[in-house]
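Accompanying notes for the structure given below.
In what follows, residues are counted from 1 in the order of the sequence shown.
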Amino acid sequence: MTAVAASIDELCINTIRTLSMDAVEKAKAGHPGAPMGAAAMAYTLWDRVLKHNPRNPQWADRDRFVLSAGHASMLLYSLLHLTGYDLPLEQLERFRQWESKTPGHPEFGLTPGVELTTGPLGAGFGMSVGLAMAERSLAAQFNRPGHTIVDHRTYGICSDGDLMEGVSSEAASLAGRLGLGKLIFLYDDNEISIEGSTDLAFTEDVGARFEAYGWQVQHVDGNDTGQVERALVAARDELSRPSLIVAKTTIAYGSPNKAGKESAHGSPLGPDEVRLTKQALGWPEDAAFLVPEEALAHFRRAIERGREAEQEWNNRFDRYREAFPDEAALFERRLAGKLPEGWAKAIPQFTEADGQPATRVASGKVLNALASQIDAIIGGSADLAPSTNTYMNGLGEFADDPPGRNIRFGVREHAMGQIVNGLALHGGFIPFGATFLVFSDYMRPSIRLAAIQQTQSIFVFTHDSIGVGEDGPTHQPVEHLASLRAIPGLSVIRPADANETAAAWKLAIERCGPTALILSRQNLPIIEDVAKVATGVPRGAYVLADAARAVPDVVLISTGSEVPIALEAKALLANEGTEARVVSMPSWDAFEDQDEAYRNSVLPRAVRARVAVEAASPLGWHKYTGDLGEVVALNRFGASAPGPRLYAEFGFTAANVAEHARRSIARARKA
């Protein structure tokens, strides 16, 4: 038997629908309703508008497609397979299974053609704004009259759930302010969420909201391919505003008993309903994963269209290279993620003549020095540039025409993090976003996605402790360091002075993955031994000041602004004849990456008397101090008072650290 359809379009759309429900049915888990409901508008986009090459998913000037509603992953997997990406039908049959390329939600780096890891609702929408910003920046820098080499759009599909999440509001607001005309979203307005009708909690006029943000808004029947195509073309032609196409759809379209119902959102239809649905769609009832030859031939036309589009671009780029060889070489270097030669020479070294700058101040100087040499660096802060010292002097505003490299994110921490991720995923950029450490809570989902995707996202967090002072416990981070250190794949670095800060920035620039720089508000003395810092910081921990004899009585381990306190405690103990080693440990994760011999050379197993000092939660420190060690840390929130008073009241003094050292030494001698 073969499928019956009134047109090739209907045949192709029903192929997407049936593949999606078959995969979910076989996996016995997944979301069939959204792929079935959104199939017609997704097909229209991919068949008639999207510029892509299935044989080269990394083509530089391809349009980007983002399925922000990542739970509808079978919609995307079906399109990737059908249009000719390296995703065999067997992979669709292994949906949600171990080591398949079709996980429950799309994952960047795993499945060819997947641009972003999506699933946490709203995240894909936020990252898409970063993709569109990347295109605008590259186009402004590299395009020349008569030579356009950067000209692509970011298309996406979002759901009711995406638009309920606050991050999408943050990101949409900024996109409207920036007039990102090459950002286009189809809104799958099916009026169903997990619990039932969206009327339970979501009754706003979404179109009016987006118009207020400065978006072009159109309304279409999501099952009418003609309406969808006309809206997409109108959106493509609108270059001064981002576009939202509100598409009315029916979840689980074609299902006799579950269409339009919440039961089709996150559960298989069931074998009986699958059979009835196929019957209603004119599909062979017992044929699983059927791809009609006519439908496949139609979809696979995308291969030739993509080849021709990329070849035409290659020809344009060849002409560009002839006219602008230096710019062409720079463009290729940028997209390859390569750094300019000699860039690290720009990193400043600090001496006592520089005073005792806070690490946030030193960071600002290092950032400006690096940005002058590395034009891939772009970023800004969540309305805190004067406090985080993250404004890049002389490099302009992104909102200008042409766009500069300073982004005013506004008080939108979550969107800032996702936009930074999007910029990194586009290619050609080393992006950063900055705020106070305590507000990393607002952007934790962004940081987590950066770690999952291993983007080169740099998160600059200042005001890192109770040293914030008078603003009180709401602004004083306590649990945040432990929370960030718990994220796999995120490098967390808390430097102790200006030179450690410079070394930390160098690591972040070189790293293929996200970095969190944790910086102080209060001033800190300079560590003059630049060579020791330069070799020690990349290894996560190093001996900053050693004991007078080969085996110390106690090891004092510290980070950031507490390192000077540990050094003072060492001096107090020395006056008593007790020899202490001071270890600066700016990065736990980097230290854990070292071999056992190096770790033992810094923290000798034979020395069981140890004290860790950090103005944050003690969580995790006992793996370094052991059962006989002590931890000088915070087990409560802070208070409103000048920073020095808080350090004294909470025991972050040399005298208190020395007392803890004595206790640990006594305990170790009894053991």
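- Checking T154 against S128 by side-chain atom types alone, no donor-acceptor pair falls below 3.5 Å.
- Counting only distance, with no hydrogens or angles, the side chain of Q456 and the backbone of C512 share no donor-acceptor pair below 3.5 Å.
- In this structure a side-chain-to-backbone donor-acceptor pair under 3.5 Å is missing from D546 to R581.
- Atom CZ in R521 sits 8.5 Å away from atom OG in S387 (nearest 0.5 Å).
- Looking only at distances, a side-chain donor or acceptor of N656 sits under 3.5 Å from a matching main-chain atom of G651.
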- [ ] Give the intermediate values and the outcome of side chain to side chain contact (heavy atoms under 4.5 Å, CB included) for residues L178 and F398.
- [x] CA-CA 8 Å; L178 296 174; F398 188 89; 4.0 Å; yes

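- For E397 and Y391, the side-chain atoms include at least one donor-acceptor pair closer than 3.5 Å.
- Proximity of a side-chain donor or acceptor of D497 to a complementary backbone N or O of I527 within less than 3.5 Å is detected.
- When atom types are taken as modelled, the side chain of R494 and the backbone of S587 share no donor-acceptor pair closer than 3.5 angstrom.
- Sequence neighbours left out, the pairs with a member in residues 649-659 that pass salt bridge (Lys or Arg N to Asp or Glu O under 4.0 Å) are R645-E649, E659-R662, E659-R663.
- Taking every heavy atom of both residues into account, L524 and G560 meet most closely at CD1-C, 4.5 Å.
- Surrounding NZ of K532 are more than 12 heavy atoms belonging to other residues, nucleotides or ligands, all under 6.0 Å away.
- Counted within 6.0 Å of OH on Y542, heavy atoms from surrounding residues, nucleotides or ligands total more than 12; the atom is thus considered enclosed.
- The 12-atom threshold is not exceeded at CG of L619, counting heavy atoms of other residues, nucleotides or ligands nearer than 6.0 Å.
- The one candidate from T455, N421, V420 that meets the side-chain contact (heavy atoms from CB on, under 4.5 Å) condition with S446 is N421.
- Here E614 pairs with R485 in a salt bridge; the nearest charged N to carboxylate O distance falls below 4.0 Å.
- The side-chain hydrogen bond (donor to acceptor under 3.5 Å, both in side chains) contacts involving residues 623-642 comprise E592-Y624, E630-R667, where partners must be two or more places apart or lie in separate chains.
- For F202, the CZ atom sits in a packed shell: over 12 heavy atoms of surrounding residues, nucleotides or ligands are nearer than 6.0 Å.
- Evaluated for a side-chain contact (heavy atoms from CB on, under 4.5 Å) with I557, the options V613, V611, L603 yield exactly one hit, L603.
- Inspection of the S664 and R608 side chains reveals no N or O donor paired with an N or O acceptor under 3.5 Å.
- A side-chain N or O of S68 and one of D162 form a donor-acceptor pair less than 3.5 Å apart.
- In this structure the side chain of L490 never reaches within 4.5 angstrom of the side chain of T515, judged on heavy atoms.
- For S561 and Y647, the side-chain atoms include at least one donor-acceptor pair closer than 3.5 Å.
- At least one donor-acceptor pair closer than 3.5 Å links the side chain of S440 to the backbone N or O of L437.
- A donor-acceptor pair under 3.5 Å links the side-chain atoms of T535 to the main chain of A531, judged by distance alone.
- To the nearest 0.5 Å, the span separating CE on M392 from CZ on F432 amounts to 4.0 Å.
- For I194, the CD1 atom is loosely surrounded, since the number of other residues' heavy atoms within 6.0 Å does not exceed 12.
- Between the side chain of N368 and the backbone N or O of N393, at least one donor-acceptor pair lies under 3.5 Å.
- At most 12 heavy atoms of other shown residues, nucleotides or ligands fall within 6.0 angstrom of atom CD in E195.
- Residues S520 and T359 form a side-chain contact, since some pair of their non-hydrogen atoms from C-beta on lies under 4.5 Å apart.
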- [ ] Determine, stepwise, if the pair R444 / E413 fulfils salt bridge (charged side-chain N to carboxylate O under 4.0 Å, His left out).
- [x] CA-CA 9 Å; R444 184 174 178 84; E413 291 90 353; over 6 Å; no

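- Between H265 and H31, the distance from one ring center to the other falls under 6.0 angstrom.
- Inter-residue side-chain proximity for L174 and Y213 is flagged as unmet; no heavy-atom pair is nearer than 4.5 Å.
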TODO: Report the C-alpha separation of R360 and T462 in whole Å, then their side-chain angles, then the decisive distance to 0.1 Å, and conclude whether the side chain to side chain donor-acceptor pair (under 3.5 Å) test is met.
DONE: CA-CA 6 Å; R360 64 167 174 158; T462 68; 5.8 Å; no

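- The side-chain tip of R539 does not point at the ring of F591 from less than 6.0 angstrom away and within 45° of straight on.
- Proximity of W343 to L370: side-chain heavy atoms (C-beta onward) are separated by under 4.5 Å at one or more points.
- Atom CD1 in I458 sits 6.5 Å away from atom CD1 in I377 (nearest 0.5 Å).
- With hydrogens and angles left out, the side-chain atoms of E500 and S584 include a donor and acceptor closer than 3.5 Å.
- Within the 3.5 Å criterion, the main-chain N or O of G489 finds no donor-acceptor partner in the side chain of D589.
- A centroid separation of less than 6.0 Å is found between the aromatic rings of F439 and H475.
- Side-chain atoms of S73 do not come within 3.5 Å of backbone N or O of P106 as any donor-acceptor pair.
- Ring pair F185/F125 is parallel by interplanar angle, where below 30° counts as parallel and above 60° as perpendicular.
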